[in-house]
Asker: 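Let me give you the structure first, and then I'll get to my questions.
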Amino acid sequence: MAGRPGYNTQPSSEDLMRLEEDEGPVYREGQRPPVSDEEMLHQHTIANSSAPGSRISTSHDAFVGSSAQATAGLPGGPGHTASRSIGGGMQPPMLGDAGRMYSQTSALNNYQRYSDLDNDQYSDAGSGYYAAGGGIDEDSVPGLPLHSSKSKHRSRNSILSLGGGVIGKAKNMMGMAPEYSEMDLPLTDTGARPGRAGSSGLDSVQDATASPPQARRTPGSTFKFGLPSLPGRNKIDPSTLGPRIIHLNNPPANAVNYYADNHVSTTKYNVATFLPKFLFEQFSKYANLFFLFTAILQQIPNISPTNRWTTIVPLGIVLLVSAGKEIVEDNRRKSQDRQLNRSATKVLRGTRFEDVQWIDVQVGDIIRVQSEDPFPADLVLLASSEPEGLCYIETANLDGETNLKIKQGIPETSIFVSSAELARLGGRIRSEQPNSSLYTYEATLTMQAGGGEKELPLAPDQLLLRGATLRNTPWIHGVVVFTGHETKLMRNSTATPIKTTNVEKRVNYQILMLGGVLIALSLISSIGDVVVRVSVGTKLWYLDYGTLNIPSRFFGDVFTYWILYSNLVPISLFVTVEIIKYYQAFLISSDLDIYHAESDTPANCRTSSLVEELGQVEYIFSDKTGTLTCNVMAYKQCSIGGVQYADEVPEDRKVFGDDDDGGGGAGGGIYDFKGLERHRKEGPDGERIEQFLTLLSTCHTVIPERNAADKEAGVIKYQAASPDEGALVEGAVMMGYQFIARKPKVVTIMVDGVREESYELLAVCEFNSTRKRMSCIYRCPDGRIRCYCKGADTVILERLGVRDDMVEKTLLHLEEYAADGLRTLCLAMREVPEQEFKEWLQVFQKAATTVSGNRADELDKAAELIEHDFTLLGATAIEDKLQDGVPETIHVLQTAGIKVWVLTGDRQETAINIGMSCKLISEDMTLLIVNEDDAAATRANIQKKLDAIRSQNAGNAEMETLALVIDGKSLTFALERDMEKLFLDLAVMCKAVICCRVSPLQKALVVKLVKKHLKCILLAIGDGANDVSMIQAAHIGVGISGVEGLQAARSADVSIAQFRFLRKLLLVHGAWSYQRISKVILYFYYKNTALFITQFWYSFQNAFSGQVIVESWTLSFFNVIFTVLPPFVIGIFDQFVSARLLDRYPQLYQLSQKGVFFRTHNFWAWVGNGFYHSLILYFVSELIWWDDGVLSNGQVGGHWVWGTAMYTAGLVTVLGKAALITNIWTKYTVIAIPGSLAIWFIFLPVYATVAPKLGFSPEYTNILPVLFGDPNFWLMSVVALPCLCLIRDFAWKYAKRMYFPQTYHHVQEIQKYNIQDYRPRMEQFQKAIRKVRQVQRMRKQRGYAFSQTDESQARVLQAYDTTRERGRYGEMASSRD
């Protein structure tokens, strides 16, 4: 078991923390050690994914101590003497291992692992982003593997640093190695123990031995990204100091602990890290390494045949341009961070709350947060405006849950409602250290009480997390416990990763292939030179060969020819592509089609280097809340007594007056709400409608709220923990039943604005996800006892007393609502006889006082005794309003060959319902649901489904369209190493996948799983902080700039305002960008090959002497000046198909998705074409200028005249090729292609005249009259040679389009001739067919789609008395007072 962290076969008596005797719970033998954060990161690290075996890694074995040497001297290890034991030999967990698995609150008796779910064996990612920079004093711990040359713990893979080898070593050398995170650190230094120090309450750390304290010395602490640590930079890591002590109203005492400040940074660089990170990123591109090597060679005398600056100067320009682009983009991130850090909040200063910027909030500050404001840091709730310190928070930004959560301060602090009382508050909080668990928190609050001190426990109920928002609560007071990057939100985030696109990786390999060609050419030329020298060297006396040393000559020639042919690799390619991408990002940001006018939010392409990846996406991972939906519930329709009513009725189904044909059957009429009011007052179903509306207005946990201004206007604001409940109560108000007041045992409603009715609340059978219903038992104004119940149709229907024709009509209506994607709910009631209720109440009260641990089960059983023989009143339909265009966008994306996975924190039924409404799941899909409680059952379920699908495939049966739905608990098991491939095999067979109840970490792990096993481009889109890890794990992250805050948008590569904008972003901008970038890169390869390979052909005729054809600066200007404009125009403005038709035919997206435009054979085809053109340019021009071009006056033109003429012909040829591959001509195209030729004809006479006079480029002396006066020059350079070269290209293009057309060729013809598309009629027909099928399938797929919190509703109902006035500070007293 050595490979398992924290596991000892022999229990040690060592008390690692030297706990005091009264600290009880210990880690007991036999309990399976929880899986640590570090192990989870290892299991899901992409680079290590394929390694078999149960061990995490061999390096981890060495690190945690699988041998005696590895653990010698460590607490609990072999040879370590136990000083004291607790609990009869029991010991706390293995906190001495450097890989921490437990909460750092052992002094608070907390040995619970961080976990999102009860059975989740994993926690959250221990990101290197929040590393302390080496908090553990490794050098002072003997036996730690740091001292062993075989230690590999420094190179362990983490979630942010993938791979090893040469790149890993380079990262280490540059200070970019994975640092220790807070997960790697023990609670205390070896031998340290916490103890109380006098009356100050500060914990001191004392050495158990008498040895003097040693200065902390950590490897790497004096080296950070290549820079030595500055004085004062070494800060004490708080995680080594035991529990965190926070003093209330005592800033000086808190200041000595050097807690992190409250600034947050999402930038990629800072002043110290920019240069090493940027250079590492740039020189990971093989082309830049190639040019650096070439530039170094050029500095060596007698090696370079060209000017020594012709490579290093362009390389410097390339790096400067790239650096400028990175600085501009990172500055944009910095300004957004600055805007957030300078947000205002109210902090207690003296006896008043003052406005303070978020960045100035410190640990220990008492702050006031008002309704609808986000929390600036992690707070412990002290008091609120609501009774008993209750408050509502929305955590959709953290965990994706749309329901409001109820938090409650402890009774002892909930009385501090004024600033004066808070200013007198003294004491201290003994808190756990910062960690990444969103759902756990342990601390104690020590206050003065009765002349002494009283220690009060604090739990997650009192913790308010940064990223959450206060809702439906006027104000709260809280004390800050974690700030900035120590908050749980930021601990769940990851560093801004450096992403490399698929095209860039492929270009790197292509550069290597070009390098191989270059080496081959250099070797051929070097061998040729040696052969010439040996065979005919004596005859070539004018070359002054001298003595021949063959090895020395050969290697010298290799370097010479390397430099001579180095232009084969285009030096300006990368800077050109970078600028093109920047302008493409600018065009995306400027596109009015993806500008949201309502919120004045344009698209923002934050990382321009990824634009071409937008054209290759195969999987989209989407959040639900705020991304697909608006998180706004609206009461749309209802069915009462078999009759349908709706807020907005379609004209073709609207009933006027009472002329319906029986009301509300399938295809029957629908009344508006005025018709409902008429039926309530006059119709035969009036009693049923009244009971229906009474149920809506009384059976809930909503709190009515009025402020002074609202009272005069008669306006009531409803505080609802669930948006569904709020919508139902608002719906009742629309229909005349207004909920106006709540007392602990009485609910008051106003009917038609004139009659108040009070209902005495006798009992509540609470909602939970098992019962799927909620019941309230009231004594009604008429004295009768009624049980009102609302819940899922499946649980209500089986509890009905009678199933009549009205029930069947209601079922039809439910199917219709579900088919429209509405959230359905059934309402029922029964009258309860007095005697039956009294007997039942005794059973219920007994169940409510059960203390055996199964109280919830007993309450459920008691509820079953009264929830029967119901009368169905009707059903409601609530719309979880989707963002505009979501269903159409998902359908189009799926048509384009993109698979959409939805990862949400919502419940399974809610997620399926939204999947139906947004058309992710369609009527012809078969749902595969995986919802198991343990690993074995999960494996069996997945395997069974996989076998069934494979057998269906093997039998050649028609394959059904599948959709997979998996919940968070099952996903935890499915992501384990031995099951992940099984899960992925099932998932990729499905057209759609929905993962529900998932944590932020699980979202990232799902993305990484697909990224690891499938070689395809992934896009993640979300709007909340809980989506950041997923966004950064994907190749492309898209953030929604929505109501959930800007955390996701700030961390994303592209931000948009609405999900529907993804359609144009991918199908149009993505496809354009990929095709443009591909064409530009291939064109670069072609044009350099076409011109510079002529030098290779020439070497066969110049005795391999290294003589150049063209003057060297003119050669360098070829890429920088004369052919620089065509790539820009093609890369920015070219459109192979118009935006309208790319959107109309989404199947065209598969061209870029499959890489049709940039395959390896494309590369060789373009390079081969360049060789072909260079062959024609060289040999035909040589024939034309045979014998140095004898002129009419008997003189010869000479070498430089011929070279310049051939250079001109090559330039015209490559510009003609640019014209041939251009799809759309604009004014910029005209400026670029003919304009570049004009620039050359202006440059040549000016430069050839001026340069020789200034003492450089003497090759141009006196060539102008000869060159321009010879008709051969104009005929060859402008007409003959270019036409001869390009005739083959034109013929090939014609043949491809006419005889072997691709799909986009057909669409180009449609675009050119504006051919009419008759498909819309067929689509309308198919839509009608799908509607019918969907209603049929709904009968099999009906179920619960109601969202409600699982928290106790009873404590809310018992705490509020809304008939009382609020106090002086806006607080509401508890009803129990």
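Worth saying up front: this structure is predicted, and the values here are computed from it rather than measured.
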Asker: Hey, is the main chain of Gly1037 close enough, under 3.5 Å, to the side chain of Asp1053 for a donor-acceptor pair?
Answerer: yes
Asker: OG1/Thr824 to CD/Glu816 distance, rounded to the nearest 0.5 angstrom?
Answerer: 12.5 Å
Asker: As an exercise, state the distance from NZ of Lys1011 to CG of Leu1005, rounded to the nearest 0.5 Å.
Answerer: 12.5 Å
Asker: Which pair of non-hydrogen atoms, one from Ile914 and one from Ser917, has the smallest distance, and what is that distance?
Answerer: O-OG, 3.0 Å
Asker: Once you round to the nearest 0.5 Å, how far does CD1 of Ile1021 lie from CZ of Phe1059?
Answerer: 5.5 Å
Asker: Kindly indicate whether the side chain of Asn941, heavy atoms from C-beta on, has any atom under 4.5 Å from the side chain of Leu928.
Answerer: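 SC-SC contact between Asn941 and Leu928 ruled out.
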Asker: Got a salt bridge between Lys790 and Asp724, using NZ or NE/NH1/NH2 to carboxylate O under 4.0 Å?
Answerer: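 Salt bridge: no.
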Asker: Please walk me through it: do Leu1014 and Tyr619 pass side chain to side chain contact (heavy atoms under 4.5 Å, CB included)?
Answerer: CA-CA 10 Å; Leu1014 304 179; Tyr619 285 85; 3.6 Å; yes
Asker: For the CZ atom of Arg491 and the CG atom of Asn435, what is their distance to the nearest 0.5 Å?
Answerer: 7.5 Å
Asker: Quick one: are Ile1040 and Ile1056 in side-chain contact, heavy atoms under 4.5 Å?
Answerer: yes
Asker: Within the side chain of Arg939, is there an N or O that forms a donor-acceptor pair under 3.5 Å with the backbone of Asp978?
Answerer: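 Present.
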Asker: State, with a plain yes or no, whether a side-chain heavy atom of Lys1003 is found less than 4.5 Å away from one of Phe621.
Answerer: no
Asker: With a 3.5 Å distance limit and no angle check, can you tell me whether Gln1002 reaches the backbone of Gly968 through a side-chain donor-acceptor pair?
Answerer: yes
Asker: Are the side chains of Leu946 and Met989 in contact, using a 4.5 Å heavy-atom criterion?
Answerer: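 Side chain of Met989 against side chain of Leu946, heavy atoms only: contact under 4.5 Å found.
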Asker: Please report the C-alpha distance between Gln894 and Leu920 in whole Å, then the side-chain angles of each, then the deciding distance to 0.1 Å, and finally whether the side chain to side chain contact (heavy atoms under 4.5 Å, CB included) criterion is met.
Answerer: CA-CA 9 Å; Gln894 288 178 331; Leu920 176 66; 3.7 Å; yes
Asker: Please find the pair of heavy atoms, one from Thr895 and one from Pro1146, that lie closest to each other, and give the distance.
Answerer: CG2-CG, 3.8 Å
Asker: Quick one: does Ser970's side chain have a donor or acceptor within less than 3.5 Å of a partner on Glu932's backbone?
Answerer: yes
Asker: Checking the side chain of Asp934 only, and the main-chain atoms of Ala937 only, is there a donor and an acceptor separated by less than 3.5 Å?
Answerer: yes
Asker: Quick one: closest heavy-atom pair of Gly791 and Leu825, and the distance?
Answerer: O-CD1, 3.3 Å
Asker: For the residue pair His1013 and Lys981, establish whether any side-chain heavy-atom pair is separated by less than 4.5 Å.
Answerer: yes
Asker: To the nearest 0.5 Å, how far apart are CZ in Arg823 and NZ in Lys636?
Answerer: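 Answer for the CZ-NZ pair, Arg823 versus Lys636, is 14.5 Å.
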Asker: Counting C-beta onward and ignoring hydrogens, is there a side-chain heavy-atom pair between Leu610 and Val1054 closer than 4.5 Å?
Answerer: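 Leu610 vs Val1054: side chains apart.
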Asker: Using modelled atom types and a 3.5 Å cut-off, is there a donor and acceptor pairing between side-chain atoms of Tyr1149 and backbone atoms of Gly1070?
Answerer: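 Between the backbone of Gly1070 and the side chain of Tyr1149 there is no qualifying donor-acceptor contact (under 3.5 Å).
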Asker: Between atom CD1 of Ile878 and atom CD of Glu725, what is the distance when rounded to the nearest 0.5 Å?
Answerer: 9.5 Å
Asker: Does some side-chain heavy atom of Leu859 sit less than 4.5 Å from a side-chain heavy atom of Glu766?
Answerer: no
Asker: Taking the side chain as every heavy atom from C-beta outward, state whether Val1006 and Leu903 have any atom pair closer than 4.5 Å.
Answerer: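 Result yes, sub-4.5 Å side-chain heavy-atom pair found.
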Asker: Could you please spell out the steps behind the side chain to side chain contact (heavy atoms under 4.5 Å, CB included) verdict for Gln883 and Thr629?
Answerer: CA-CA 5 Å; Gln883 289 189 11; Thr629 66; over 6 Å; no
Asker: Please check if the side chain of Gln1153 supplies one atom and the backbone of Gln616 the other of a donor-acceptor pair under 3.5 Å.
Answerer: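 No.
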Asker: Apply side chain to side chain contact (heavy atoms under 4.5 Å, CB included) to residues Leu614 and Leu1019 and explain how you reach the verdict.
Answerer: CA-CA 8 Å; Leu614 293 169; Leu1019 180 146; 4.2 Å; yes
Asker: Tell me the closest heavy-atom pair linking Ile890 and Lys919, and the distance in Å.
Answerer: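 Heavy-atom minimum between the residues: CG2-O, 4.2 Å.
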Asker: How close do Leu463 and Leu465 get, heavy atom to heavy atom, and via which atoms?
Answerer: CD2-CD2, 3.4 Å
Asker: State, to 0.1 Å, how close Ala634 and Ala727 come at their nearest heavy-atom pair, and which atoms those are.
Answerer: N-CB, 4.4 Å
Asker: Decide if atom NZ of Lys881 counts as having more than 12 heavy atoms of other residues, nucleotides or ligands within a radius under 6.0 Å.
Answerer: no
